[in-house]
Amino acid sequence: MNDLDPLWLRSFVAVADTQSVTRAAQQVHRTQSAVSTHLQQLEASLGVRLAERSTRSLALTAEGERFLPHARRLLDWQADARAAVQPAAEEEVRRIGISEYFMPARLGELLALLHDSTPGVRFELLWASSASLQQLWQAGTMDLAVVTSDEPLPGARLIRREPLAWVHAERYAVPTSGPAPLVLLGPECPVRRLALDALARAGRAHHLRLSCTGAHGAMAALRAGWGIGCLNQSAVPPDLVALSASQRWPSPGRLSFYSLTRPALQATERELRRWAQA
């Protein structure tokens, strides 16, 4: 038996799939006579008839049916062999930054949405403070950023707004007199500014017991009983307790989330906005 030419195999598989020499020729971009010749050469090499042809129909013989899966595998192996020595295509990388306050309990859903909305793209995801993300955006190193702000951002789109609440650990005894001890993020944090403004308007005495550089540190301090914090609704974990609104603990208002998006990720941003507003 002679070696089997991949051209013969490709024409044979196309004939088997389309049950027509004419349609097979269109599929493999050859002439009808070339496909017929390939089939004849393959049959001669194997020494068996692979297809029965008539003026109106074409069907594989029993030998053709048995040979077909082997032909497919031979073509697959050839494709695998070729791919093994080709340089790997460089993946497209998109950099996305997400505020630490942006629905942290649903981070898995967010990652799935990013994966499904932009197939074939590799993401670098940074979960950080809004101040850090805005600096990176201004430096041109982010393709999409979701940030918080206590005022509208130029060129940004509002995607979500949530009420803020005062929170503390379950076993923490909230002081009934004296300045309230607070656990907040740094001066650049919009949640901190909204919280302190609300207390100032209400004349509520307070002192900043701990100022953290990240949400993880603030959460740990609250759980350890360092004081009272302020979080947006979706960022409150189940082991922290929200204080009911009162004159002594005035509502800090609502926290706004904005998206900053480069043109390449506008479709992804639309999916993200729909998801965030659902």
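- Here the straight-line distance linking atom CG of L113 with atom CZ of R274 works out to 9.5 Å at 0.5 Å rounding.
- Cluster annotation: M142 and V146 are assigned to distinct hydrophobic clusters (Ile/Leu/Val/Met/Phe/Trp/Tyr, side-chain heavy-atom contacts under 4.5 Å, transitive).
- Of the candidates Q41, Q40, H38, Q41 is the only one forming a side-chain hydrogen bond (donor to acceptor under 3.5 Å, both in side chains) with W8.
- Side chain of R160 to backbone of A276: a donor-acceptor contact under 3.5 angstrom is found.
- D5 and R10 are not joined by a salt bridge, as no carboxylate oxygen comes within less than 4.0 angstrom of a charged side-chain nitrogen.
- In terms of modelled atom types and a separation under 3.5 Å, the side chain of Q233 and the main chain of E162 share no donor-acceptor contact.
- Side chains of Y172 and V174 form a contact here, defined as non-hydrogen atoms less than 4.5 Å apart.
- Using a 4.5 Å cut-off on side-chain heavy atoms (C-beta onward), W77 and R73 make contact.
- Atoms CD and CD, from E271 and E269 in turn, are 10.0 Å apart once rounded to the nearest 0.5 Å.
- Proximity of R254 to L164: side-chain heavy atoms (C-beta onward) are nowhere separated by under 4.5 Å.
- Residues S129 and S132 have side chains that bring a donor and an acceptor to within less than 3.5 angstrom of each other.
- Side-chain contact check for S130 and T148: at least one donor-acceptor pair (N or O, by modelled atom type) lies under 3.5 Å.
- Closest heavy-atom contact between A165 and A242: CB-CB, 4.3 Å.
- Under the 4.5 Å side-chain heavy-atom criterion for ILVMFWY residues, no single connected hydrophobic cluster contains both L158 and L194.
- The side-chain heavy atoms of L42 and L46, taken from C-beta on, include a pair separated by under 4.5 Å.
- Using a 4.5 Å cut-off on side-chain heavy atoms (C-beta onward), L144 and L272 make contact.
- Residue pairs meeting the ring pair (Phe, Tyr, Trp, His ring centres under 6.0 Å) criterion with at least one member in residues 113-167, sequence neighbours excluded, are W127-H216, W166-W249.
- From L126, atom CG reaches atom OG of S99 across 11.0 Å, with rounding to the nearest 0.5 Å.
- Looking only at side-chain heavy atoms (C-beta outward), R223 and D239 come within less than 4.5 Å of each other.
- Sequence neighbours left out, the pairs with a member in residues 185-203 that pass salt bridge (Lys or Arg N to Asp or Glu O under 4.0 Å) are D150-R193.
- Taking 4.5 Å as the limit, every side-chain heavy atom of V13 sits out of range of all side-chain heavy atoms of S11.
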Check your understanding: After noting the C-alpha distance and the side-chain angles of T31 and S33, does the key distance pass the side-chain hydrogen bond (donor to acceptor under 3.5 Å, both in side chains) rule?
Key -> CA-CA 5 Å; T31 63; S33 60; 3.1 Å; yes
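- With rounding to the nearest 0.5 Å, the separation of CD1 in I159 from OG in S259 is 5.0 Å.
- Under a hydrophobic-cluster definition in which Ile, Leu, Val, Met, Phe, Trp and Tyr are linked whenever side-chain heavy atoms come within less than 4.5 Å, directly or via other members, L136 and L125 are assigned to different clusters.
- The backbone N or O of I96 lies less than 3.5 Å from no partner atom in the side chain of D143, so there is not a single donor-acceptor pair.
- The line from CZ of R53 to CG of L39 is 5.0 Å long, rounded to the nearest 0.5 Å.
- The ring of F257 has its center no closer than 6.0 angstrom to the ring center of Y101.
- Nearest heavy-atom pair across G227 and V183 is N-CG2, 3.9 Å.
- Among all heavy-atom pairs drawn from L260 and P154, the shortest one is CD2-O, 4.3 Å.
- Put simply, L74 and L60 are part of the same group of oily side chains (I, L, V, M, F, W, Y) that touch within less than 4.5 Å, one to the next.
- The cluster map of Ile, Leu, Val, Met, Phe, Trp and Tyr, joined by side-chain heavy atoms under 4.5 Å apart, puts L133 and L111 in different clusters.
- Under the 4.5 Å side-chain criterion, counting only non-hydrogen atoms from C-beta, P237 is in contact with L231.
- No more than 12 heavy atoms of other residues, nucleotides or ligands sit less than 6.0 Å from atom CZ of R157.
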Practice item. List the steps, then state whether side-chain hydrogen bond (donor to acceptor under 3.5 Å, both in side chains) holds for T61 with R49. Key: CA-CA 7 Å; T61 62; R49 294 280 289 180; over 6 Å; no
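- In this model, a donor atom of one side chain and an acceptor atom of the other lie less than 3.5 Å apart for Q32 and T22.
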